[in-house]
Each structure stands twice: as C-alpha cells, then as structure tokens.
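Below is one structure, written out as structure tokens; comments come after it.
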Amino acid sequence: MRIGLFGGTFNPIHMGHIQVVLKVVKRFSLDKILFIPSALPPHKEPGDVVNVKDRLEMIHRALSGYPGLDISDVELKRPGPSYTIDTIRHFKGIMDENTALYLLLGLDAFLEIDTWKSYSDLFIMVPFIVMMRSCNRQNEAGYGWKSLEEFLKSRVSMGYHYTALRSCFSHEKKQPVFIFDVTPIDISSTDIRRRIKKGKSIKQMVPDVVDSFIKNKGLYL
Ligand code: ATP
C-alpha cells in the first residue's frame, strides 16, 4: 500500500489541491491520499482561518466523488498547534511495514520547511513529493526547482544530488525528495478569500459543493 499524506490549512480546499493530487496518484502509483487539515496552522495568521468544523465539512464535500482521496482528522484531535513531525510519527506508528508513506507538499511550502518543528528529522523519516506551484508565485518569490536544489543543499544536506531518471534528489542516508513537475494550477486559498471579499465569483476555483457551502454560511466575507 502506498499512501500520500497531504497536510494543509485548506482554508478553503480548492481545485488546485484536488487536481494536482489526482495527478500525483497516477504518476507515483499511490493507492490513497489522505488530506490532513491542520488544527492551528503554526505558520498562518489565525484571524483569517475559518473554524475547523467548516473546513472539515468543505473537504468532506469536495472529496466525496473521489474514491482514492480521503481525510484524516489526526491533527484536529491533537491539542495545540499541528506539527507535521507528530503526524508522521503517528502514521509510522500505526502503519504496517508493507505501507509506504509519502509526504506531499507544494514547492512554496517546501521552501519554508526549515521553519517547521524538527524539520531535519522529517528527511530521515519519510520521502517527499514536491509539487510545482504557479508561475506567478515562483516569479514573485524567485521560486523554482533551482531554488529547491539550493535550499535542500544549504538547509538540509549537501549530500543531496539530482537523479534525472527518477526526477528525484537522492541522498545516501536520507529520504529522497521527488519533484513533480506538472503545469502548475494557478489557484490558492489566499486568492479565493480575496475574491470573496471583493464579491467576485470563485466558480471553477472550488468544487460547486464548496462554493455553495461558502455562500450559504457567508464564509470569508
Ligand atoms: P494559502 O493561500 O492560504 O496559503 P494554499 O492555497 O497554499 O493556501 P494550503 O492549504 O495552505 O493552501 O496548502 C496545503 C498544501 O497544498 C501546501 O503544501 C501547498 O503548497 C499545496 N498547494 C496548495 N495549492 C496548490 C496548487 N495550486 N498546486 C500545488 N500545490 C498546492
């Protein structure tokens, strides 16, 4: 069994999240992806984050038509801020030895990983799949695979080297970092929240069931 762990604030979940992980499932032959909403996002301003119940409900509705995409509420059950290292330890503790875990994250999130709790331990514990994000954001912040390589070598270990055949940064003693270089899907929760505040449509950026949930509840106004 090959399982992808996909953490995030999902504030709200959007088509960028769904479309990119569906491609990851295919490319990496994963059996399942678990969306893992965080309770208190340690890296985000709490003011803009809607409550856990509504975020969870939106994820439930959004994923209902996708059999390979599931939810784990492990971070919601844990008191305090959600740290990925605790989540990985949790899954390592309950999965059998035939289960391979992969940690999925967008390039933007990966380039901030050195601010995460015990981040260097993550590179010992679990392989990464890093997904490309939109060009605008890359240009703004100087993102791209080049920055990933520089980041990996300077902040994690000089021992990482690129293996083109596997589209992966490998290391003798650490877990591989796979890069998933698809055409980026230019959707972000930030943009969705901004559009709602301005009274603009978010159709096609989120599943219809999420759009109507947001409207009915008056979220992000
Ligand atoms: P925000 O704009 O509020 O920061 P977000 O759109 O980045 O939100 P998150 O819930 O914070 O969404 O993201 C969870 C994970 O999904 C992160 O690893 C992020 O990089 C990744 N991700 C989000 N949107 C996309 C996208 N369009 N393509 C690829 N990865 C994405």
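Numbers for residues simply follow the sequence, beginning at 1. Predicted, not measured: the structure shown is a model, and the values here were computed from it. Atoms within each ligand, like the ligands themselves, are counted from 1 in listed order. Computed over heavy atoms, backbone and side chain alike; hydrogens, waters and symmetry mates excluded.
- Of the inter-residue distances, the one linking R195 atom CZ with M205 atom CE reads 5.5 Å to the nearest 0.5 angstrom.
- Not close to ligand 1: M15, with no non-hydrogen atom less than 4.0 angstrom away.
- Distances below 4.0 Å separate heavy atoms of V20 from the following atoms of ligand 1: 29 (C).
- One finds the CG atom of L30 at 10.5 Å from the CG atom of L101 (value rounded to the nearest 0.5 Å).
- Using cut-offs of 30° and 60° on the angle between ring planes, the pair Y102 and F28 is tilted.
- In F6, the part holding a heavy atom less than 4.0 Å from any atom of ligand 1 is the side chain.
- Nearest approach of I214 to M58, heavy atoms of both residues: CG1-SD, 3.7 Å.
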List the steps and the verdict of side-chain hydrogen bond (donor to acceptor under 3.5 Å, both in side chains) for S188 and R133. CA-CA 9 Å; S188 71; R133 283 202 76 170; 4.8 Å; no
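- Heavy-atom proximity to D108, at under 4.0 Å, picks out these atoms of ligand 1: 19 (C), 20 (O).
- Aromatic ring pairs are classed by plane angle as parallel below 30°, tilted from 30° to 60° and perpendicular above 60°; the pair H17 and F35 is perpendicular.
- Heavy-atom proximity to I187, at under 4.0 Å, picks out these atoms of ligand 1: 24 (N), 27 (N).
- Of the heavy atoms in M132, only backbone atoms (N, CA, C, O) come closer than 4.0 Å to ligand 1.
- Which parts of ligand 1 touch T190 is read off a 4.0 Å heavy-atom cut-off, strictly below it: atoms 1 (P), 2 (O), 3 (O), 4 (O).
- With ligand atoms numbered from 1 in the order given, ligand 1 contributes 10 (O), 14 (C) to contacts under 4.0 Å with heavy atoms of G8.
- Atom numbering of ligand 1 starts at 1 in the shown order; those under 4.0 Å from a heavy atom of R193 are 3 (O).
- In this structure, the separation between CG on N216 and CG on D211 is 9.5 Å, given to the nearest 0.5 Å.
- Heavy atoms of I185 approach ligand 1 to within less than 4.0 angstrom.
- Of all atoms in ligand 1, listed by their number and element, those nearer than 4.0 Å to a heavy atom of G7 are 14 (C), 15 (C).
- Residue contacts with ligand 1, taken as heavy atom pairs separated by less than 4.0 Å, involve L105 via backbone and side-chain atoms alike.
- The CD1 atom of I13 lies 4.5 Å from the CD1 atom of I18; values are rounded to the nearest 0.5 Å.
- Comparing P12, G106, G16 against atom 17 (C) of ligand 1, the shortest heavy-atom distance belongs to G106.
- Per-residue contacts place H17 under 4.0 angstrom from the following atoms of ligand 1 (heavy atoms of the residue considered): 9 (P), 10 (O), 12 (O), 13 (O), 14 (C), 16 (O), 22 (N), 23 (C), 24 (N).
- Annotation: side chain of Q175 is not in contact with side chain of H171 (no heavy-atom distance under 4.5 Å).
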